[in-house]
Amino acid sequence: MPDLADKPKIAIGADHAGFHAKELIKKFLAAQGYDVEDVGTASEESVDYPDFARRVAEGVAAGRAQLGILTCGTGIGMSMTANKVPGVRAALAHDIMTAHMAREHNDANVLTLGARVVPEEQIIAIVREFLNTSFAGGRHQRRVDKIMAMDKK
Ligand code: RB5
């Protein structure tokens, strides 16, 4: 049995275009022993992505989850919305490299994915890379601090 105490709690959300990808990711996370909160959506019926991005982002900002994952058609609307919430650093990743750098250099706390952009067979590899990469700190901390200072204006 995996030790849940070692793993971040993850909030996950999607719109209709990202629903299938969300289900794949949720299954993967559960198999890996993560504690997952799914904020919806629950089907491929058309919905508005900001509603789900906001729920996940506010959960991360409030500390109810340590990380968030959001999927929509392109990942763009999810990242735009999530980054409106103070404390959130949402990164749109298209591949393993961008998922890695989002954590290592930018300390992203929300991953957004475009289910109509990323081939389905690469989705889990991107999520795994995001979860398994640590923030490098150092000069990157100074830069992230400059981003976060903008929340205070
Ligand atoms: C829905 O058609 C689409 O606009 C949405 O999933 C997303 O791509 C928005 O950024």
Side-chain angles (χ1 to χ4, degrees), residues 7-32 34-135 140 143-153:
K7 294 181 183 283
K9 180 166 179 186
I10 300 175
I12 187 166
D15 72 354
H16 51 287
F19 170 71
H20 178 66
K22 171 172 72 69
E23 295 304 298
L24 290 179
I25 295 166
K26 201 167 66 168
K27 205 167 148 192
F28 165 74
L29 295 175
Q32 296 294 309
Y34 285 94
D35 183 7
V36 180
E37 184 194 4
D38 182 355
V39 306
T41 187
S43 76
E44 291 183 340
E45 189 181 329
S46 185
V47 290
D48 297 335
Y49 60 82
D51 298 335
F52 302 93
R54 185 171 185 170
R55 283 182 209 164
V56 165
E58 289 182 343
V60 171
R64 292 193 295 276
Q66 283 70 57
L67 294 174
I69 301 176
L70 289 161
T71 57
C72 64
T74 60
I76 295 170
M78 289 301 199
S79 67
M80 285 180 164
T81 312
N83 277 314
K84 291 281 185 190
V85 177
V88 168
R89 293 176 300 282
L92 171 56
H94 288 309
D95 50 27
I96 288 175
M97 198 266 187
T98 47
H100 185 92
M101 299 308 282
R103 288 287 310 127
E104 188 177 287
H105 282 197
N106 311 112
D107 199 17
N109 51 13
V110 174
L111 169 68
T112 78
L113 289 168
R116 293 174 176 162
V117 179
V118 175
E120 185 177 313
E121 61 274 14
Q122 288 176 26
I123 287 173
I124 298 305
I126 293 170
V127 169
R128 187 188 284 120
E129 188 71 18
F130 185 82
L131 296 177
N132 291 341
T133 305
S134 299
F135 179 48
H140 302 295
R143 294 161 186 168
V144 169
D145 287 346
K146 288 185 179 184
I147 300 174
M148 302 325 287
M150 296 177 75
D151 281 347
K152 299 192 175 75
K153 285 186 183 159

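One-based numbering along the sequence shown. Each ligand, and each atom within it, is numbered from 1 in the order the structure gives. Because only heavy atoms are used, hydrogens play no part in the values below, and waters and symmetry mates are left out as well, while side chains stay in.
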So, do Glu23 and Ile12 sit near enough that their side-chain heavy atoms are less than 4.5 Å apart?
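The answer is no; the side chains never approach within 4.5 Å.
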Would you say that Phe135 contacts His140 through its side chain, given a criterion of any heavy-atom pair below 4.5 Å between the two side chains?
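Of all side-chain heavy-atom pairs linking His140 with Phe135, at least one is under 4.5 Å.
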Check: His16/Glu44 side-chain N/O donor and acceptor closer than 3.5 Å:
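Checked: His16/Glu44 side chains show no N/O donor-acceptor pair below 3.5 Å.
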Taking 4.0 angstrom as the limit and counting only heavy atoms of Gly73, give me the atoms of ligand 1 inside it, by number and element.
5 (C), 6 (O), 7 (C), 8 (O)
When you look at Val127 and Leu113, which way does the side-chain contact (heavy atoms from CB on, under 4.5 Å) test go after all the steps?
CA-CA 9 Å; Val127 169; Leu113 289 168; 3.9 Å; yes
Mind checking whether [X] contacts ligand 1 via backbone (N, CA, C, O), side chain (CB onward), both or neither, at a 4.0 Å heavy-atom cut-off?
X: Met78; answer: neither
X: Ala17; answer: side chain
X: Thr74; answer: both

Please list the nearest protein heavy atom to [atom] with its residue and the distance rounded to 0.1 Å.
atom: atom 4 (O) of ligand 1; answer: Tyr49 CE2, 4.4 Å
atom: atom 10 (O) of ligand 1; answer: Gly77 N, 2.8 Å
atom: atom 1 (C) of ligand 1; answer: His16 NE2, 3.7 Å
atom: atom 5 (C) of ligand 1; answer: Asp15 OD2, 3.2 Å
atom: atom 2 (O) of ligand 1; answer: Arg116 NH1, 3.5 Å

For [X], is the [atom1] atom crowded, meaning more than 12 foreign heavy atoms sit under 6.0 Å from it?
X: Met148; atom1: CE; value: yes
X: Glu121; atom1: CD; value: yes
X: Arg54; atom1: CZ; value: no

Evaluate side-chain contact (heavy atoms from CB on, under 4.5 Å) for Phe52 paired with Met78, printing each intermediate quantity in order.
CA-CA 8 Å; Phe52 302 93; Met78 289 301 199; 4.2 Å; yes
Examine ligand 1 and decide if any of its atoms is less than 4.0 Å from a heavy atom belonging to Met80.
no
Does Cys72 reach ligand 1 with a nitrogen or oxygen that is under 3.5 Å from one of the ligand's nitrogen or oxygen atoms?
no
